[in-house]
Amino acid sequence: MEYKKINMPGLLHGGDYNPEQWLDRPDILEEDIRLMKLAHVNNVSLGIFSWAFLEPEEGKYQFDYLEEIINRLYDNGIYTNLATPTGAMPNWMTQKYPEVMQTDENGIQNLPGKRHNFCYTSAVMREKTRKLDLKLSERFGKHPGVILWHISNEYGGNFRDASCHCEECQKAFRKWLKKKYKTLDALNHAWWSAFWSHTYTDWEQIHSPSPRGEDELHGLKLDWKRFVSEQLQDFCREEIRAVKTYSDLPVTTNMMMYFSPLDYDKWAEELDVISWDSYPSWHTKEDEVPIAVWAAFMHNQMRGFQKKPFLMMESTPSLVNWDEENNVKRPGMNYLSSMQAIALGSNSVLYFQWRKSRGSSEKFHGAVVDHDASEKNRVFQEVAWIGKDLEKLSSQILSTCNRAKVAIIMDWENWWALSDAQAISRKFDYTEELLKYYRVFWEKGIEVDIISMDRELLDYQLVVAPTLYLHKKEYIHKVEAYVEAGGIYVTTYWSGVVNETDLCFIGERPHERLLGLSVDEIDVGNEYFPNTFSYKDGVYKAGVLREVVTLQTAKPLGTYLQDYNVNTPAITENAYGKGKAYYVAVQPDLEFLKEFLGDVIEEANVEANLTETLPYGVTVSKRSGKEQKDDVYFLQNFNRHPVKMVLNECYTNLITDEILTGSIIMQTYQCIVMQKK
């Protein structure tokens, strides 16, 4: 697909703007423009959740006020991301067409309200959406002040799992299954429905998973999740088609953090620009490193979808209102977390929202303009500081992007299958496993792409695939070709267990030839059966997951030291073609991963962004330019205290123009943006 580019006025700075909330204030637009200029804002998102305002009655559209806002913003150098308002339906719609509302897994239809409370299969919903989107496209699709279509808002964010279980969705699901399996015999085999005598003899017998009915067929549950993601993606596709009828502007939709219901890797194919809403829970751990790693992983994933810059469409300049404890960002943290996004590939720092709401559920959610309406408070001043620095950095950064030589495999279908495995530990968390491996690269200042099993591997020097429980049909052939050509591959416990329909492999698992071993069993240890394992000269604590393997061509790099599997391999290496495949048979701690992955990184000849030693809590990201002299480095201190950093080379601070070399002190939550001199 050829992706359309945004006509960027610079690195984007601004956020969600909702002037329809302030119709009782005729002076609000001019006051907001004044404040936006003070905050160095050049971009806002308009129209999100504005359906009742844009179409107050069925078929009656009122766009004049919206056009006035877009015009006034454009006259002042502020560009618009124009949203389709399908994130929430107007009450006239649900009153006249109650069938558009979602039905839950118990068969109970929702009442009006909240957001994304619509059936994505509903012909009525699709038609009403299409008509409104066409009108918006016709009116604003060529407006010089509009630079991007913002399709809906956080699709699937219905406070549940994004699904609708109404009868129209049941019919669409059965149609989807017929297309996939062709025959009931094929479906019954794929789902292993003979278990508990649940064989299907008529397509009409099939129903979505429900606690009131069938909820134990893992193949059914996996296919339902695929269907939900694809059906909502199709709804999004129709919205895109509508807005592009009269417009050639690029499109995006804002994704969410670690959002399981939607396979964003597949959604990325529909979009010209990737964007996401970043809300890390800063200041909720003993130190900031775990949350910094969490946020960085997501930024890497968004960049990895298309291997190009993305947009941070939402963030908070201060606090959120939906955590158990909603603490404000400490001084400097909004600057650092914003620069972290830029460092990892974002071309924007955008907030939810511009002006804090007076009422409803997010009246205490952070905003640039608080209830005091003052430009003198700390939050506003820090936002203005960011905006000013982004203006200065735009020319150096917009033509750059991070280029990773390491990939970590994170796959939605694997995530879904793991969540239904009903095996090993119910406490197992796929995302936590991924973050543990990713953290080693973050601490070393090494760029990483987060990619799915469907992506190409040959561009990477090292590929890490933790707990890849489900193996797609062609994946292992791709990995074998990658390693045979000289690649380094690391995979782990609880991998290669089931196929695409969640059936266990019988006999040899697909990756055992590559790994040079066979997996005999997996154990879940506990405090009564402690275990350790060796690696080089060290002894490390074994986590709860411990596989017993038999070597074929692989050689052991470490063995269990206790329990019934004593002296059996825990860490293995297998030469395969020009490359190597490593297997971590035991769930390790971070201490081991730093040692082991450090060795693998060295073998794979992966270079860190800087040769300098990074203190704890300090990382570095690099956005690469066309030439090495254009590379931009972001040195970030996530410590709650200053730290000393020793630079081996000479750098220029792109914000202050200061020359940096030798020993420097990084202040609390500081980000230094620099180039080699």
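Source: prediction; values computed, not measured.
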Quiz prompt | Arg126 with Asp234: basic N within carboxylate O range, under 4.0 Å | solution = yes

Self-check item: Identified side chain to side chain donor-acceptor pair (under 3.5 Å) counterpart of Glu214 within the set Gln205, Lys221, His198, His207
Solution: His198

Self-check item: His511 ring center near Tyr475 ring center (under 6.0 Å)
Solution: no

Quiz item: How many angstroms lie between CD in Gln102 and CG in Asn158, if you round to the nearest 0.5 Å?
Solution: 4.5 Å

Quiz item: So, do Tyr264 and Trp276 have ring centers that fall under 6.0 Å from each other?
Solution: no

Quiz item: Is the distance between the ring centroids of Phe235 and Phe118 under 6.0 Å?
Solution: yes

Self-check item: Under-4.0 Å salt bridge between Arg130 and Glu239
Solution: no

Self-check item: Salt-bridge criterion met for Lys128 and Asp133 (N-O under 4.0 Å)
Solution: no

Quiz item: So does Lys142 pair up with Asp248, basic N to acidic O under 4.0 Å?
Solution: no

Quiz item: If you measure from the Lys or Arg side-chain nitrogens to the Asp or Glu carboxylate oxygens, is any gap between Asp449 and Arg455 under 4.0 Å?
Solution: no

Quiz item: Is it the case that Gln587 and Glu433 place a side-chain donor and acceptor less than 3.5 Å from each other?
Solution: yes

Exercise. Check whether the side chains of Glu168 and Thr121 place a donor and an acceptor atom closer than 3.5 Å, and report yes or no.
Key: no

Self-check item: Lys/Arg N to Asp/Glu carboxylate O, Asp272 vs Lys5, below 4.0 Å
Solution: no

Quiz item: For Lys356, does its backbone N or O pair with a side-chain atom of Gln21 as donor and acceptor, under 3.5 Å?
Solution: no

